[in-house]
Amino acid sequence: PGENDPGSIVVTKTRAKTKRPNLYRVLLINDDYTPMEFVVHVLERFFNKGREEATRIMLHVHHHGVGECGVYTYEVAETKVTQVMDFARKHQHPLQCVMEKK
Ligand code: TYC
């Protein structure tokens, strides 16, 4: 095949680019004042965890200082952070929720 081969046909295969979205971890930060039960409730309500998983994550944050609640695309992660921060403020707890790129 080539320019000097009049009988040849070049077949170009194209491959659809399946680009994966950037993913973000949503993290809870430990503090000394937010009640454990409130954190468990947050994990159930905003991160769709069952009571057992929610309790496991809360205790992980309590003991290690930080822990993952879930992994989401940018807009979803941003929404979760805003929902948690608004809910914590409304109940006057200092709970902090942040997102970080994976
Ligand atoms: N350390 C808190 C307490 O002892 C509980 C807690 C857990 C607070 C997780 C925040 O993200 C947090 N009441």
Side-chain angles (χ1 to χ4, degrees):
E3 288 174 42
N4 301 324
D5 184 353
S8 77
I9 297 169
V10 175
V11 178
T12 305
K13 247 191 181 178
T14 60
R15 188 161 50 86
K17 285 268 160 50
T18 58
K19 48 181 188 179
R20 301 142 305 175
N22 290 319
L23 293 177
Y24 296 79
R25 293 186 191 92
V26 174
L27 308 172
L28 279 178
I29 312 295
N30 188 38
D31 66 73
D32 292 339
Y33 304 102
T34 304
M36 289 186 173
E37 182 48 45
F38 184 83
V39 179
V40 171
H41 180 67
V42 162
L43 287 158
E44 290 176 330
R45 176 166 173 160
F46 299 111
F47 299 95
N48 308 309
K49 307 298 185 190
R51 177 138 297 240
E52 249 187 20
E53 171 85 339
T55 301
R56 191 186 63 70
I57 295 169
M58 181 280 294
L59 286 175
H60 176 96
V61 176
H62 178 69
H63 288 122
H64 296 92
V66 61
E68 185 180 296
C69 311
V71 176
Y72 308 96
T73 55
Y74 186 89
E75 285 209 336
V76 175
E78 191 181 50
T79 299
K80 302 278 184 198
V81 169
T82 300
Q83 286 174 329
V84 172
M85 295 300 285
D86 287 354
F87 192 62
R89 189 174 313 117
K90 177 171 130 184
H91 291 272
Q92 300 189 305
H93 295 311
L95 180 64
Q96 295 292 308
C97 183
V98 300
M99 59 194 273
E100 67 166 32
K101 197 164 184 289
K102 270 199 89 174

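In each ligand, atom 1 is the first atom listed, and ligand 1 is the first ligand listed. Small disclaimer: the values here were computed from a predicted structure and weren't measured.
Under a 3.5 Å cut-off, the side chain of Lys80 and the backbone N or O of Phe47 do not form any donor-acceptor pair.
Aromatic pair His41/Phe87: centroids less than 6.0 angstrom apart. The aromatic ring centroids of Tyr72 and Tyr24 lie 6.0 Å or more from each other. The aromatic ring centres of Phe38 and His91 sit less than 6.0 Å apart.
At a 4.0 Å heavy-atom cut-off, ligand 1 touches Asp31 through backbone and side chain alike.
Applying the 4.0 Å criterion to heavy atoms of Val61 picks out, from ligand 1, the atoms 9 (C), 11 (O), 12 (C). Distances below 4.0 Å separate heavy atoms of Leu95 from the following atoms of ligand 1: 10 (C), 11 (O), 12 (C). Proximity to Thr34 (heavy-atom distance under 4.0 Å) selects the following atoms of ligand 1: 2 (C), 3 (C), 5 (C), 6 (C), 8 (C), 13 (N).
With respect to the salt-bridge test (charged N to carboxylate O, under 4.0 angstrom), the residues Glu100 and Arg25 qualify.
The closest non-hydrogen atom to atom 11 (O) of ligand 1, taken over Val42, Ile29, Leu27, comes from Ile29. Closest heavy-atom approach to atom 4 (O) of ligand 1 among the candidates His93, His62, Gln96, His60: His62.
For the pair Asn30 and ligand 1, the shortest N or O to N or O distance falls below 3.5 Å.
Other residues, nucleotides and ligands contribute over 12 non-hydrogen atoms within 6.0 Å of the CD atom of Glu37.
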